[in-house]
Amino acid sequence: MGKQIAKAKDKWISDKLGSMNLEQKVGQLMVFGFAGPVITPDVVEIIKKYHVGGLRISQFLRMLTLYNDIKPGEEPDPKTLESLVAPSGLNRDFAFVMPTTVATASEYAATLNTLRSMAFENNDGIPLHYTVDMEGSGSDDLLGGQRLFPHPMGIAATRDPQMGYKTGLAIALQATAVGANMIHSPLLDVNTNPKNPEVGSRAYSDNAEDVIKFASKTLKGLLEGGLIATGKHFPGRGESAADAHFGLPLVDLDYNTLMDVHIAPYKALIKQGLPAIMSAHSIYPALGDSERPASLSRRILVDFLRGELGFKGVITTDNMMMGGILKNYEMSEAIVEALIAGNDLILTRDESPIRIKILNKVKDAVKSGRLKEKEVDQKIQRILAMRWDMGIAKNGGLVNVKNASKITEHKAIIKTAVKAAQKSVILLRDNEKLLPIKPKQRILLVEQIFPSQLAQNNMYSHPGLLWEEMCRHSSNVMSVEIHNLPTERDRARVDRRIKDNDFDMIVTTNYYYHKAAAAIGDIVRKLMATGKPVVVMTNTPYEFGAEKDFPTVLVCFNPGGRENMAAVADILYGKLKPTAKVPVSLG
């Protein structure tokens, strides 16, 4: 039976590749963004006319352009402006991107089925695949009411590797029910630099053995749940002191350290059958290329990853609209370079007309011989093999729409969400012995709106979630809700409540979101200056959110999930004893 299946797979790959013209081949190399649940003419055009092979799906935003990866408060630099293409023609031209249109999981699955059928019917039975990111915390591509789980560091904080398997399986079952096929996890970075602004709690640990231990279990759960898993960011971004969203980091470690620490998780998971790897927008001189990021380095991807490490799966880029690329390269040129370097799939979430420029640029590179068509064919063979393994070859990947919403209420998934939350919240310190809070104490809560709360905005996750959960324990909780990046009006509202002085204690959030650097340490200090006891709840154990002079700190690794906020409230009021331990050195 095994030989027959392998033979059928090989024939399907050969037949599909043999039927493709150059335009179809180029389209199959691309994973473009599709934000929100509304089908617009431009996404139809991308599928029907340009034969795109994959979409990175998300309900976090209504649309995505390179402006989403510009650091808040900054304007694009001259090099980045070369990649900026204004909407035209059929391209969506929305006035704003938040809040998104809210769809249930079943409604979203119906949208994805429609696009799938469109691709299957108009592209000679070549299936369209969907990719997601579900790391936890602010890195969740919301799919319609699914339960949210802690960041990898929260999973490691449980000290139970089996929690990695259970959460990986739960994530996969929810995602595949909607129609997702591939996930950009597990994150294999070993966060050896406590000042790393981008990785932080997205990593399991600062210890390679612990990363391997938890990532291996997560990989098992994701695969069993039906998702193609992607290890990232190769060859490791844990030592970086810069954020690749905003610039091009240099990871200047010696070869032995890279191999023994940062590349060790890749070696281990490749042996376990890791099907895909994401290349990093960072430079690694010790691997023989001191000029190009790994994502554009043939020495690193072909000679080292495929040659020395023996990886035979699919290599995808990280998002090509990140600052690490655009501040140094025009986007379409960088994408040609990425394909020449050895990437199979190009991730470009930008939904502007730059997509057409990219497709034409790659097509011209093949025609000129700069990008060899033989290598393009090899890339497509690996991509088609991956799609066969996804199980989407026969019907294009259509799912049962009714099951999409039902799965989020599955008892095992709910139980996993509750246990993961309860076992991952860390009481980092309580120097002044403020906890537990007594129900009769009057509490002023200063609560930021976490990004995924605003994007999901349903009864499972919405702004004011911590207030709601604290009110289960006490009727003496007053709340000031502020934006994740507080406005001047927000600050004035906080000042007004401080002046009222009708509270005994303050509980405040201090969320760190690596793309927005949103921690509100200045507001926390203003609250501390009142002389009233202050409890800080953050989403990272590092100083980005848990500064050393904050005397009482709780760490919750996904403020967007109700179960996580419920666990925080239970700990605050003494109904739950925290058992999680910090799995890293805080420096």
Side-chain angles (χ1 to χ4, degrees), residues 31 33-40 43 47 54-62 99-121 127-136 139-149 166-185 221-229 387 389-418 420 452-453 455-462 558 560-563:
V31 176
F34 176 56
V38 178
I39 297 175
T40 52
V43 73
I47 291 172
L55 293 176
R56 168 74 178 267
I57 57 173
S58 175
Q59 290 200 72
F60 206 100
L61 297 166
R62 291 183 69 213
T100 186
T101 305
V102 177
T104 66
S106 291
E107 290 169 336
Y108 196 39
T111 290
L112 300 180
N113 271 356
T114 299
L115 295 179
R116 275 224 153 98
S117 295
M118 193 183 299
F120 207 62
E121 293 165 7
L128 178 71
H129 80 266
Y130 294 128
T131 302
V132 294
D133 206 352
M134 295 293 296
E135 294 175 16
S139 300
D140 287 314
D141 283 329
L142 304 172
L143 306 178
Q146 82 271 33
R147 298 187 182 272
L148 303 179
F149 296 90
K166 291 177 181 178
T167 54
L169 180 62
I171 289 168
L173 291 175
Q174 291 183 114
T176 54
V178 171
N181 313 109
M182 184 179 191
I183 188 167
H184 291 153
S185 286
L222 293 172
L223 294 178
E224 286 188 14
L227 286 177
I228 294 293
R387 293 202 190 123
D389 294 341
M390 289 172 175
I392 63 176
K394 289 187 177 180
N395 75 339
L398 299 179
V399 300
N400 182 335
V401 170
K402 293 180 180 179
N403 187 52
S405 290
K406 288 181 181 178
I407 196 71
T408 61
E409 299 303 320
H410 194 285
K411 289 182 179 179
I413 290 177
I414 293 174
K415 182 179 179 181
T416 297
V418 171
S452 56
Q453 295 173 353
Q456 190 134 294
N457 205 20
N458 54 24
M459 289 309 293
Y460 172 74
S461 178
H462 54 77
N558 197 338
R562 177 174 288 278
E563 296 86 359

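One is the number of the first residue; the rest follow in order along the sequence.
The distance from the CD1 atom of I57 to the CZ atom of F34 is 9.0 Å, given to the nearest 0.5 Å. For the atom pair CD (Q146) and CD1 (I407), the distance works out to 12.5 Å, reported to the nearest 0.5 Å. From L169, atom CG reaches atom OG1 of T416 across 7.5 Å, with rounding to the nearest 0.5 Å. A distance of 10.0 Å separates CG in L222 from CG in L173, rounded to the nearest 0.5 Å. One distance of note links CD1 of I413 with NZ of K406; it measures 14.0 Å at 0.5 Å rounding.
Under the 3.5 Å distance criterion, the side-chain polar atoms of D133 are left unmatched by any main-chain donor or acceptor of D141. Of the possible polar contacts, none joining the S58 side chain to the A35 backbone as a donor-acceptor pair under 3.5 Å is found. Remark: the backbone N or O of G397 is paired with a side-chain donor or acceptor of R116 at under 3.5 angstrom. Without hydrogens or angle criteria, T408 side chain to S405 main chain gives a donor-acceptor distance under 3.5 Å. One N or O on the side chain of R562 and one on the backbone of M459 form a donor-acceptor pair closer than 3.5 Å. A donor-acceptor distance shorter than 3.5 angstrom exists from the side chain of S461 to the backbone of G560, with no hydrogens or angles considered. Side-chain N or O atoms of E563 include none that pairs as donor or acceptor with a backbone N or O of A420 at under 3.5 Å. Between the side chain of Y108 and the main chain of V102, no donor-acceptor pair closer than 3.5 Å is present. Remark: the backbone N or O of I228 is not paired with any side-chain donor or acceptor of N181 at under 3.5 angstrom.
Heavy atoms only, all atoms of each residue included: G225 and A172 are closest at CA-CB, 3.6 Å. Listed here is the closest heavy atom pair of F149 and N558: O-ND2, 2.7 Å.
For H410, the NE2 atom counts as loosely surrounded, since its 6.0 Å shell holds 12 or fewer non-hydrogen atoms of other residues, nucleotides or ligands.
R147 and E409 are joined by a salt bridge, as a carboxylate oxygen and a charged side-chain nitrogen come within less than 4.0 angstrom of each other.
When each of V31, L128, L112 is tested with L55 by the rule side chain to side chain contact (heavy atoms under 4.5 Å, CB included), just one qualifies, namely L128.
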